[in-house]
K.L.:
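Attaching a single structure in structure tokens format; questions to follow.
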Amino acid sequence: MINNQKKNIAILGSTGSIGTQALDVIRQNSDSFNVEILTAQNNVDLLIKQAIEFSPNAVVIGNKNLYAKLKEKLPNKDIKIFAGSESIKDVVSFNTIDLVITAMVGISGLEPTIEAIKNGKNIALANKESLVVAGCIVTKLALESGSAILPVDSEHSAIFQCLAGELHNPVEKIFLTASGGPFRGKDKKFLETVTKEDALKHPKWDMGNKITIDSASLMNKGLEVIEARWLFNLKPSQIEVVVHPQSIIHSAVQFEDGSIKAQMGLPDMKLPIQYALAYPKRLKNNFNRFSFFEYPNFTFEKPDLENFKNLQLAYLALEKGGNIPCALNAANEVVVEEFLNDKINFAIMPDIIEQSI
Ligand code: MN3
């Protein structure tokens, strides 16, 4: 590390939900972190604001049509300015980077993630799709290059935290918790009538559009099962999904002696982001603290696989292996887009996905 031990961070997707929260964490811990690279696809106005505040070494706008505006608004600054998805791939190899946060949406995160790993960069992985579609390749490359993959997804961060100090103790199984989303307990008839406004209101987590729809349809949990398989090298039968509507237990690990370790706290993405950024350290912060007495009742239930078939489809894709999880993810990206464009109804999404795997 250079710059007085500050970690130099590249944020791919800095204007999205994870990207902006990562910058919040960095802003609060400016003696620990330095922003080296910022990239965004289309939100050039926010990218400009961020660049002015954090003075990174370089910024990249994915959409080439916005290059001129970016260049014009950042005059006389010592900031390198690039455009296009090729440039996003190029900047991750800068030798000044210590850690790359991959917070791009969907499959677009795959190529830069692979490039960063090939260059031996440690990854704070927020783009679960890169493990869903290419988990085998990504984990193999990371092993070869010595890159650490630090999970940002709250469930996977929970498991990662439970595994600290357990290096030689095999995992019997993990419990991946799920809030159940806004339509928990609803049947298919109801699901046929939900609007995108209903689906975009998540009860516990404030996130981007794609992941919010995935959460409502339980596909997010399915993708997380696949993500966990690769991150922690588990068999599908070792991964159990537990619906826990309070979203306080973020996930748990059961060891071979039957002991279970769980990680808990108020749902706030800034915590797993901060853990990945500062790992292996825990940084003091002033996030809201959990109180047991405000949550006298924790509840747990089995996921409803009949009305929310997506979770089952993800297990099926994992069993089939090969490129089937990739097909699952591609079909899901298409149906979510179509649902957000009011082209198809919510309940039909799993049926379409099922036909493509
Ligand atoms: Mn999650």
Side-chain angles (χ1 to χ4, degrees), residues 7 9 17-18 21-22 24-26 28-29 32-33 98-103 122-128 131 135 138-139 142 147-179 204-205 207 211 215 220-221 223-234 238-244 246-292 295 298 300:
K7 261 188 210 174
I9 312 290
S17 171
I18 296 290
Q21 293 183 81
D24 286 342
V25 169
I26 292 172
Q28 297 300 317
N29 296 282
S32 300
F33 307 114
D98 297 311
L99 180 76
V100 178
I101 307 179
T102 64
N122 290 336
I123 305 288
L125 187 115
N127 178 257
K128 67 190 71 169
L131 283 183
V138 168
T139 50
S147 299
I149 301 181
L150 309 162
V152 168
D153 211 344
S154 60
E155 297 80 357
H156 305 76
S157 174
I159 293 160
F160 186 59
Q161 292 180 56
C162 292
L163 290 174
E166 303 282 359
L167 188 60
H168 299 292
N169 294 325
V171 169
E172 191 166 85
K173 68 188 289 189
I174 64 169
F175 299 96
L176 215 54
T177 53
S179 72
K204 293 290 172 193
W205 297 96
M207 309 173 288
I211 185 172
S215 297
N220 182 54
K221 209 48 58 181
L223 299 179
E224 288 181 352
V225 167
I226 302 175
E227 182 185 12
R229 180 261 173 271
W230 291 110
L231 277 174
F232 306 112
N233 194 22
L234 300 167
Q238 289 175 290
I239 307 169
E240 182 168 355
V241 173
V242 177
V243 175
H244 166 50
Q246 296 80 24
S247 296
I248 297 297
I249 294 181
H250 299 310
S251 278
V253 177
Q254 179 173 307
F255 295 92
E256 289 188 321
D257 60 356
S259 179
I260 296 175
K261 278 167 83 173
Q263 187 266 337
M264 12 190 320
L266 293 172
D268 181 349
M269 278 311 295
K270 286 206 289 294
L271 186 62
I273 292 169
Q274 179 180 299
Y275 189 76
L277 286 180
Y279 179 81
K281 273 196 218 162
R282 288 187 184 274
L283 299 180
K284 192 173 167 60
N285 63 34
N286 58 3
F287 302 164
N288 290 338
R289 274 13 182 193
F290 169 74
S291 158
F292 278 94
Y295 290 84
F298 277 13
F300 305 96

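Just so it is clear, the values below take in all heavy atoms, side chains as well, and ignore hydrogens, waters and symmetry mates.
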K.L.:
Classify the angle between the aromatic ring planes of Phe160 and Tyr275 as parallel (below 30°), tilted (30 to 60°) or perpendicular (above 60°).
P.N.:
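Rings of Phe160 and Tyr275: perpendicular, over 60°.
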K.L.:
Could you tell me which residues satisfy salt bridge (charged side-chain N to carboxylate O under 4.0 Å, His left out) with Glu227, sequence neighbours excluded, listed by chain and number?
P.N.:
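Testing Glu227 for salt bridge (charged side-chain N to carboxylate O under 4.0 Å, His left out), a comparison that skips the adjacent residues, returns none.
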K.L.:
Kindly compute the distance separating NE2 (His244) from CD1 (Ile249), expressed to the nearest 0.5 Å.
P.N.:
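One finds 4.5 Å between NE2 of His244 and CD1 of Ile249.
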K.L.:
What side chain to side chain donor-acceptor pair (under 3.5 Å) pairs are there with at least one residue in residues 159-177, not counting sequence neighbours?
P.N.:
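Passing the test, one end in residues 159-177: Ser157-Gln161, Gln161-Arg282, Glu166-Asn169, Glu166-Lys261, Glu172-Gln254, Lys173-Glu240.
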K.L.:
Provide the closest heavy-atom pair for Lys7 versus Leu277 in the form atom of the first, atom of the second, distance.
P.N.:
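Shortest heavy-atom contact: NZ-O, 2.7 Å.
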K.L.:
Taking all atoms of both residues into account, what is the closest heavy-atom pair of Val25 and Lys270, and its distance?
P.N.:
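Minimum heavy-atom contact is CG2-O, 3.8 Å.
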K.L.:
Between Glu224 and Asn220, do the side chains contain a donor N or O and an acceptor N or O under 3.5 Å apart?
P.N.:
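Yes, because at least one side-chain N or O of Asn220 sits under 3.5 Å from a partner of the opposite role on Glu224.
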K.L.:
Is any side-chain heavy atom of Tyr279 less than 4.5 Å from a side-chain heavy atom of Asn122?
P.N.:
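No, their side chains stay 4.5 Å or more apart.
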K.L.:
Which heavy-atom pair separates Pro272 from Val152 by the least distance, and what is that distance?
P.N.:
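Closest approach of Pro272 to Val152, heavy atoms only: CB-O, 3.2 Å.
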K.L.:
Please walk me through it: do Phe232 and Leu163 pass side-chain contact (heavy atoms from CB on, under 4.5 Å)?
P.N.:
CA-CA 10 Å; Phe232 306 112; Leu163 290 174; 3.7 Å; yes
K.L.:
How about Asn288: does its CG atom have over 12 heavy atoms from other parts shown lying under 6.0 Å from it?
P.N.:
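Open.
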K.L.:
Is there a donor-acceptor pair closer than 3.5 Å between any side-chain N or O of Ser259 and the backbone N or O of Phe255?
P.N.:
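Not at all, since once roles are kept as given, no pair shorter than 3.5 Å links the two residues.
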K.L.:
In Å, rounded to the nearest 0.5 Å, how long is the span from CD1 of Ile18 to CG of Asn127?
P.N.:
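Spacing of CD1 (Ile18) from CG (Asn127) equals 10.5 Å.
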K.L.:
Measure the shortest side-chain to side-chain distance between Ile248 and Phe290 over non-hydrogen atoms and say whether it is less than 4.5 angstrom.
P.N.:
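Yes, side chains in contact.
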K.L.:
State, with a plain yes or no, whether a side-chain heavy atom of Gln28 is found less than 4.5 Å away from one of Leu283.
P.N.:
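They are not in side-chain contact.
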K.L.:
Side-chain contact, heavy-atom cut-off 4.5 Å: Gln274 with Phe287?
P.N.:
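Touching, per the 4.5 Å side-chain cut-off.
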K.L.:
Using every non-hydrogen atom in the two residues, find where Pro151 and Ile149 come nearest and quote the distance to one decimal.
P.N.:
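In terms of heavy atoms, the two residues are closest at CD-O, 3.7 Å.
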K.L.:
Evaluate the side-chain proximity of Asp24 to Ile273: yes if any heavy-atom separation is below 4.5 Å, no if none is.
P.N.:
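No. Closest side-chain heavy atoms not under 4.5 Å.
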K.L.:
Testing the basics here: between Glu155 and Ser251, what is the closest heavy-atom pair and its distance to 0.1 Å?
P.N.:
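Heavy atoms only, the tightest pair is CB-OG, 3.3 Å.
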K.L.:
Between Leu99 and Leu150, does the side-chain contact (heavy atoms from CB on, under 4.5 Å) criterion hold? Intermediate values first, please.
P.N.:
CA-CA 10 Å; Leu99 180 76; Leu150 309 162; 4.0 Å; yes
K.L.:
To the nearest 0.5 Å, what is the distance between CD1 (Ile211) and CG (Asp153)?
P.N.:
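Reported to 0.5 Å precision, the distance equals 6.0 Å.
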K.L.:
Is there a side-chain contact between Val243 and Lys221 in this structure, where contact means two heavy atoms from C-beta onward sitting under 4.5 Å apart?
P.N.:
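Val243 does not reach Lys221 side chain to side chain.
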K.L.:
Going through the checks in order, is the side-chain contact (heavy atoms from CB on, under 4.5 Å) test met by Met264 and Phe298?
P.N.:
CA-CA 12 Å; Met264 12 190 320; Phe298 277 13; 4.1 Å; yes
K.L.:
Tell me, do Ile159 and Leu176 make a side-chain contact under 4.5 Å, heavy atoms counted?
P.N.:
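When only atoms from C-beta onward are counted, Leu176 and Ile159 do touch, with a gap below 4.5 Å.
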K.L.:
Do Gln263 and Leu271 have side chains that get closer than 4.5 Å, going by heavy atoms?
P.N.:
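Result yes, sub-4.5 Å side-chain heavy-atom pair found.
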K.L.:
Please lay out, stage by stage, how Val171 and Asn233 fare under the test side-chain contact (heavy atoms from CB on, under 4.5 Å).
P.N.:
CA-CA 10 Å; Val171 169; Asn233 194 22; over 6 Å; no
K.L.:
Closest approach of Lys128 and Leu125, non-hydrogen atoms and distance?
P.N.:
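So the minimum-distance heavy-atom pair works out to CA-CD2, 4.3 Å.
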